[in-house]
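Note: hydrogens, waters and symmetry copies are ignored here, and every other heavy atom, side chains too, is used. Convention: sequence-line order gives letters A, B, ...; per-chain numbering from 1.
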Number of protein chains: 2
Amino acid sequence: MGWEDVRAEVLRRIRARDWLPGAMIPNEEALAQEFGVARATVNRALRDLAESGLLERRRKAGTRVAALPVRRATLEIPVIRQEVEARGQVHAFRLLDERMALPPVPVAGQLGWASGAAKLYLETLHLADGKPYAHETRWLDPVHLPDPRPDFASISVNEWLVTHVAFATGDIAFAAEAADPRSAEVLGVPQGAALFVTERTTFTAESAITFVRLIHAPGYRMVTMV
Amino acid sequence: MGWEDVRAEVLRRIRARDWLPGAMIPNEEALAQEFGVARATVNRALRDLAESGLLERRRKAGTRVAALPVRRATLEIPVIRQEVEARGQVHAFRLLDERMALPPVPVAGQLGWASGAAKLYLETLHLADGKPYAHETRWLDPVHLPDPRPDFASISVNEWLVTHVAFATGDIAFAAEAADPRSAEVLGVPQGAALFVTERTTFTAESAITFVRLIHAPGYRMVTMV
DNA sequence: CAGTGGTCTAGACCACTCG
DNA sequence: GAGTGGTCTAGACCACTGG
């Protein structure tokens, strides 16, 4: 009887409605005795179920079955090259633009960059088997780059950052947007086409590193297994 | 020195590039000695970092810093009512259609339903402060419903399922799609508008329960904190 | 203040897998 | 075969928080 068995049995009782949504379940010590395992083993199992949103735990208050379970889905976000290669296709990219420029106010604001400070703008087209796969536009604080800058025409910005900059946190957002003229041209789709967009902001402990928008070619789906 | 401190210190060394991407790090016992904690405490910290994709661990092989860290983002997918109420708005919904019908072949196929078997089709419009929020279309195997069926005009299908059916697993997909005539009409947007679509398939241990498409009103964003 | 979960420890054995 | 992570145990103390 390992912790995964304990988890399975608890899960079974929830599913069988032995323990109803919103109801308390026995405390760790009671379950440990019933299953004949140490309390730490029960703790491990219940902690896991709580992390996945099926249980709610509070000291002193005890453990209850979540009334309205929040589904938690984990997305894996690999570098684009891996994503393309995982589909059995060949990845390539073209650096379309690279220059210092003033970031738009909303971007500077979200990243906490002083307005009026020029940052590095990079525009890249990713290809899968030679066909447009994603249109990437990125603002990057050059303070995180060595002098001279890496040659982003030969190594993708993202891969350089991932292997050379210690990034800490960030947030990711997904949205559907109508293709603007530039993305439409680059991806070879009609203006206004519905495109899947990923936006990522990345910070180190102290300061913002980069803001990137990935505009995916039509048909892109993001899938998760629960 | 708790396990979170150990995790923080290991993270610091990765960020400081003391330990380079792809490189091995000391084993648990060595770290336990260095930090003056039990091996189980180090294990907890390293396991956590491995789950978030920063470390790769294998028995006998040891622990190494991930060469190309896979970002893992966790999405919380609450019931729509909670989502709307979290924005400080009032949730309401209207059941637009409810009937037995033959599901489209791709749907039946994905759910493992015999072709030619009629299932329950439900169409719902969700409102936030009275304005269209999401257009929901759903196929549901009535075998999971009591007789007579719940009154889905007064309790939303999703909430009924979540509190009454023990669902096990499922997958979730996100995509951008152009508004079809029906969704455009119901949501009050032009045909062809770019809309964010969520598709969920839900299974019990034995059989498929439901397939649901949520077509969100324009401007919808799905956000995650890493 | 008292009950519950959260964590730590020291030691042990097991499971996997590299060499 | 041997080294590493994975897990379990029994006991202890701590931290939070409900009554």
Exercise answer: donor-acceptor pairs, residues 23-36 of chain A side-chain atoms, under 3.5 Å, sequence neighbours excluded:
from, atom 1, to, atom 2, distance (Å)
Asn27(A), OD1, Glu29(A), N, 3.2
Asn27(A), OD1, Ala30(A), N, 2.9
Glu28(A), OE1, Arg39(A), NH1, 2.6
Glu28(A), OE2, Asn43(A), ND2, 2.9
Glu28(A), OE2, Arg57(A), NH1, 3.2
Glu28(A), OE2, Arg57(A), NH2, 2.7
Glu34(A), OE2, Arg13(A), NH1, 3.3
Glu34(A), OE2, Arg13(A), NH2, 2.5

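- Between Val10(A) and Val42(A), every side-chain heavy-atom pair lies at or beyond the 4.5 Å cut-off.
- Within the 4.5 Å cutoff, the side chain of Thr204(A) has heavy atoms near those of the His144(A) side chain.
- With a cutoff of under 4.0 Å to any heavy atom of chain A, the contacted region of DNA chain D is bounded 5' to 3' by dT7(D) to dG18(D).
- If you check the side chains of Gln82(B) and His91(B), you find no donor sitting under 3.5 Å from an acceptor.
- Taking the side-chain contact (heavy atoms from CB on, under 4.5 Å) definition, one finds that Leu11(B) meets it with Arg15(B), Leu49(B), Leu54(B), sequence neighbours left out.
- Between Tyr133(B) and Glu83(B), the side chains place a donor N or O and an acceptor N or O closer than 3.5 Å (distance only, hydrogens not considered).
- For the residue pair Gln110(A)/Thr201(A), the side-chain donor-acceptor check at 3.5 Å is satisfied.
- Each of Ala61(A) and Val37(A) was assigned the nucleotide of DNA chain D with the nearest heavy atom; the assignment lying further toward the 5' end belongs to Val37(A).
- In this structure, Trp139(A) has its ring center no closer than 6.0 Å to that of Phe211(A).
- A salt bridge links Arg213(B) to Glu177(B): at least one charged side-chain nitrogen sits closer than 4.0 Å to a carboxylate oxygen.
- A 4.5 Å side-chain heavy-atom check between Glu76(A) and Arg71(B) finds every atom pair outside the cut-off.
- The pair Glu56(A)-Arg64(A) fails the salt-bridge criterion, with no side-chain N (NZ, NE, NH1 or NH2) lying under 4.0 Å from an Asp/Glu carboxylate O.
- If you check residues 26-34 of chain B against DNA chain D, the residues with a heavy atom closer than 4.0 Å are Asn27(B), Glu28(B), listed by number.
- For DNA chain D, the residues of residues 2-13 of chain A within the heavy-atom distance limit of 4.0 Å (strictly under) are Gly2(A), Trp3(A), sorted by number.
- Within residues 38-49 of chain B, the residues having any heavy atom under 4.0 Å from DNA chain C are, by residue number, Ala38(B), Arg39(B), Ala40(B), Thr41(B), Arg44(B).
- Using a cutoff of 4.0 Å between basic side-chain nitrogens and carboxylate oxygens, Arg221(B) and Glu199(A) are scored as salt-bridged.
- Rounding to whole angstrom units, CZ of residue Arg59(A) and C1' of dC1(C) are separated by 16 Å.
- The pair Arg138(A)-Glu98(A) does not count as a salt bridge, with every side-chain nitrogen at least 4.0 angstrom from each carboxylate oxygen.
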